[in-house]
Amino acid sequence: MADVGYTSQVHEEEAQLGDYFALLKPRVMSLVVFTALVGLLAAPGSVHPVIAFASILFVAIGAGASGALNMWWDADIDAIMRRTAKRPIPAGRVQPGEALHLGVALAGLSVMMLALSANLMAAALLAFTIFFYAVVYSMWLKRSTPQNIVIGGAAGAFPPVIGWVIATGSFSVEAWLMFALIFMWTPPHFWALALFMKADYDDAGVPMLTVTHGRKSTRTHIIVYTVLLAALAVGTGFTAIGGPVYLGTALVLNALFLKGAVQVWQRDETAADADGYRVEKRFFRLSLWYLFAHFGVILLEAALRPFGLGGW
Amino acid sequence: MPIRAEHEIHTRRKGRNVGVGLMLAGFVILVLALTFTKVTNGDFELPSGTEISGG
């Protein structure tokens, strides 16, 4: 088995460095880097730039490790779903064992190095996040409950808290508000995706809400979570990480997001099929901008603060 | 079968090996920079009970 890579018959399928990088889910990593950086910079006090850079890098590596472990565990269903069939393991370029070893090694390395560069609390939180994504979400929840996205969303919500703890060594309400923003945003974001990628989750037997409770119920869930998210996002504007710029942006974005959710909720499958899920796809794209903009203005408020402009 | 100094696997995996080498070098530099930053930071303290001997 181990000798397969040394024969000349498998040249074309041999993994390149880019395939191992793909195991780390670079798109998820970029979101983790961004939100962790916002958490770090929005926190009171200052961190030496070298320590901040190294710490965020180790958080990114930890996120990559959990991505590799997720791909190792989910290789069987990834092969079935159109969206994931070209990932390195189902495509046959990387052996499952390689992904497991890479994930475990990078997880250990990232946690240990974060403890050295920042503090033990941040390292413990990173370790818990990796465990939560790889074990609680991937192994326990994803294939067993339609609430997989809701609870699993917590894993993606931890990075700004880790960033905050890197800077301060402790937790605060503001850090948990950033956590809550991502936590509440995740379900409508993924359920919108599930609405127009229906066949994928059906075929793989993943109990997405669209499969277990039907599409009408999913649309209702989207609007309920969006209303709660909008209240939370606008409310955050009145805390220490908010400010006039944040509040103005949040009001506009949440009005748009609510409008999108209402449109998704009002539609039925006939209308959605007729126009190729145009409204659902637009809502999904808006959700990406929504999160990016909220964290962007939190960062902006923090950047303006030294000049006496940011915050209240 | 004679041992060739340059097996074809060396050329085939050159990209991978160079990439891993560069990453390891980057890691060494990062740890060096981290150590330098921490030691030269104003609040750096040796663990209690540690004595600097010599001289």
Side-chain angles (χ1 to χ4, degrees), chain A residues 2-24 26 45-62 64-65 88 93-95 98 101-102 105-106 108-110 112-120 122-123 166-167 169, chain B:
Chain A
D3 289 339
V4 167
Y6 293 89
T7 66
S8 56
Q9 295 157 350
V10 290
H11 286 193
E12 285 170 7
E13 292 131 32
E14 187 160 290
Q16 297 300 311
L17 203 62
D19 292 317
Y20 294 105
F21 187 61
L23 284 178
L24 310 184
S46 65
V47 184
H48 192 287
V50 172
I51 293 176
F53 171 79
S55 301
I56 295 294
L57 180 68
F58 298 133
V59 173
I61 293 172
R93 295 191 301 276
V94 172
Q95 296 297 313
E98 289 182 286
H101 296 153
L102 185 71
L106 290 184
L109 177 91
S110 60
M112 190 177 69
M113 289 308 298
L114 188 62
L116 292 171
S117 72
N119 52 63
L120 276 175
I166 288 169
Chain B
M1 187 172 156
I3 297 172
R4 282 182 293 154
E6 189 69 15
H7 191 274
E8 58 87 24
I9 199 170
H10 290 119
T11 45
R12 180 151 48 97
R13 291 197 172 166
K14 192 174 180 184
R16 255 165 78 165
N17 295 338
V18 169
V20 171
L22 286 174
M23 278 191 280
L24 286 174
F27 183 66
V28 169
I29 293 167
L30 184 67
V31 171
L32 194 70
L34 257 181
T35 308
F36 187 76
T37 307
K38 292 228 167 212
V39 170
T40 54
N41 233 3
D43 55 354
F44 177 74
E45 282 175 27
L46 286 170
S48 58
T50 309
E51 287 180 23
I52 300 172
S53 58

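Here is the naming used below: chain letters follow the sequence lines, and residue numbers restart at 1 for every chain. Everything numeric in this text was worked out from a predicted model, so none of it was measured.
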Interatomic spacing from OG1 in B/T37 to CZ in A/F53 - rounded to 0.5 Å: 11.5 Å
Proximal component of A/I61, with respect to chain B [non-hydrogen, under 4.5 Å]: neither
B/L34 portion near chain A, given a 4.5 angstrom heavy-atom threshold: both
Heavy-atom closest pair, residues B/M23 and A/L17: CE-CD1, 4.0 Å
Intermediate values then yes/no, side chain to side chain contact (heavy atoms under 4.5 Å, CB included), B/V31 and A/M113: CA-CA 9 Å; B/V31 171; A/M113 289 308 298; 3.8 Å; yes
Min side-chain heavy-atom separation A/L57-B/F27 under 4.5 Å: no
Sub-4.5 Å side-chain heavy-atom contact between A/I51 and B/K38: yes
Side chain, backbone, both or neither of A/F58 within contact of chain B (heavy atoms, under 4.5 Å): side chain
